[in-house]
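Since this is a predicted model, take the numbers as computed values, not measurements. In what follows, every heavy atom counts, from backbone to side chain, and hydrogens, waters and symmetry copies are set aside.
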Amino acid sequence: MSTTEGRGRQEETLEIKKSIIIDASPAVVFKAITDPNELTNWFPDQAILEPKVGGKMKFGFYKNSKRGNQDHCRDKDYFHEGTIIEFIPNKKISYTWEDSYEPDFPRTVVTWELEKIENNKTSLKLLHTGFKADEKAKQYDEGWSHFLAQLVKYCEKTK
């Protein structure tokens, strides 16, 4: 957890941190997290991602999809949108993350950092910051764990 200043008062925000090792090169992993055609093999049902600072990001998760975290049954389609704020090929991508289905959801930021390690493997760090409620952070923490496992399977299969 971290604390930020907000309008003259201390406001606590929560963050999610994940770290995994993937048996694939940073180029393979980066393509999997930034190429819309690759993303839809392991993450959203629909992906728009413009690979540049200022580019748009939009992920769609459909209620009737067979992919996704089955523990979180969807009663409708969900869309997450944002703007890319940092883009360093094969090393880092960061974007804002807003939920269209929840008007009071805070503007959060998702950052993916990749580092090549021995035997052409990748150390991946995921940071999702800006949560204001334990319940939402917990839900997203579980979701990211699920999707990172899917990412590992996908990258190791396609390397």
Using 30° and 60° as the class boundaries, would you call the ring planes of Phe147 and Phe61 parallel, tilted or perpendicular? tilted
With the side chain counted from C-beta on, respond yes when Pro44 and Leu39 share a heavy-atom pair under 4.5 Å apart, and no when they do not. yes
Could you list all the salt bridge (Lys or Arg N to Asp or Glu O under 4.0 Å) pairs where at least one residue sits in residues 113-122, not counting sequence neighbours? none
Treating Ile, Leu, Val, Met, Phe, Trp and Tyr as nodes and any side-chain heavy-atom pair under 4.5 angstrom as an edge, say whether Leu151 and Tyr140 lie in one connected cluster. yes
Listed partners of Thr129 passing side-chain hydrogen bond (donor to acceptor under 3.5 Å, both in side chains), at least two apart: none
Distance from Lys136 atom NZ to Ile16 atom CD1, nearest 0.5 Å? 11.0 Å
Of all residues at least two apart in sequence or in a different chain, which pass the side-chain hydrogen bond (donor to acceptor under 3.5 Å, both in side chains) check with Ser145? Lys18
Any side-chain heavy atom of Trp112 within less than 4.5 Å of one from Leu124? yes
Answer yes or no: is there a side-chain heavy-atom contact under 4.5 Å between Val110 and Ser94? no
How about Tyr95 and Val109: do any of their side-chain heavy atoms sit closer than 4.5 Å? no
Test salt bridge (Lys or Arg N to Asp or Glu O under 4.0 Å) applied to Lys125 - qualifying residues, sequence neighbours left out: none
Taking the hydrophobic residues Ile, Leu, Val, Met, Phe, Trp and Tyr, and joining any pair whose side-chain heavy atoms are under 4.5 Å apart, which ones share a cluster with Ile48? none
Please report the C-alpha distance between Trp144 and Trp97 in whole Å, then the side-chain angles of each, then the deciding distance to 0.1 Å, and finally whether the ring pair (Phe, Tyr, Trp, His ring centres under 6.0 Å) criterion is met. CA-CA 13 Å; Trp144 283 123; Trp97 179 280; 5.7 Å; yes
Group every Ile, Leu, Val, Met, Phe, Trp and Tyr by side-chain heavy-atom contacts under 4.5 Å, then state whether Met57 and Phe105 land in the same group. yes
Pair up each side-chain donor or acceptor in residues 22-37 with any protein partner under 3.5 Å, not counting sequence neighbours, and list the distances.
{"residue": "Asp23", "atom": "OD1", "partner": "Lys159", "partner atom": "NZ", "Å": "3.3"}
{"residue": "Asp23", "atom": "OD2", "partner": "Lys159", "partner atom": "NZ", "Å": "3.2"}
{"residue": "Ser25", "atom": "OG", "partner": "Val28", "partner atom": "N", "Å": "3.2"}
{"residue": "Thr34", "atom": "OG1", "partner": "Phe30", "partner atom": "O", "Å": "2.7"}
{"residue": "Asp35", "atom": "OD1", "partner": "Asn37", "partner atom": "N", "Å": "2.7"}
{"residue": "Asp35", "atom": "OD1", "partner": "Glu38", "partner atom": "N", "Å": "3.4"}

What residues form a side-chain hydrogen bond (donor to acceptor under 3.5 Å, both in side chains) with Thr108, not counting sequence neighbours? His128
Of the non-hydrogen atoms in Tyr62 and Asp77, which two are nearest, and what is the gap between them? CA-OD1, 3.3 Å
Determine whether Phe59 and Phe79 satisfy the following criterion, ring pair (Phe, Tyr, Trp, His ring centres under 6.0 Å), listing intermediate values before the conclusion. CA-CA 6 Å; Phe59 297 149; Phe79 296 93; over 10 Å; no
If you look only at pairs with a residue in residues 48-59, which of them pass as a salt bridge (Lys or Arg N to Asp or Glu O under 4.0 Å), with sequence neighbours excluded? none
Set of residues satisfying salt bridge (Lys or Arg N to Asp or Glu O under 4.0 Å) with respect to Lys17, sequence neighbours excluded: Glu15
Using distance only, find each side-chain donor-acceptor pair of residues 84-93 under 3.5 Å and give its atom names and separation, not counting sequence neighbours.
{"residue": "Glu86", "atom": "OE1", "partner": "Lys92", "partner atom": "NZ", "Å": "3.2"}

Just to verify, what does Glu98 make a salt bridge (Lys or Arg N to Asp or Glu O under 4.0 Å) with, not counting sequence neighbours? Arg107
Less than 4.5 Å apart, any side-chain heavy atom of Leu126 and any of Leu148? yes
Remaining members of the apolar cluster that contains Ile21, side-chain heavy atoms under 4.5 Å: Ile117
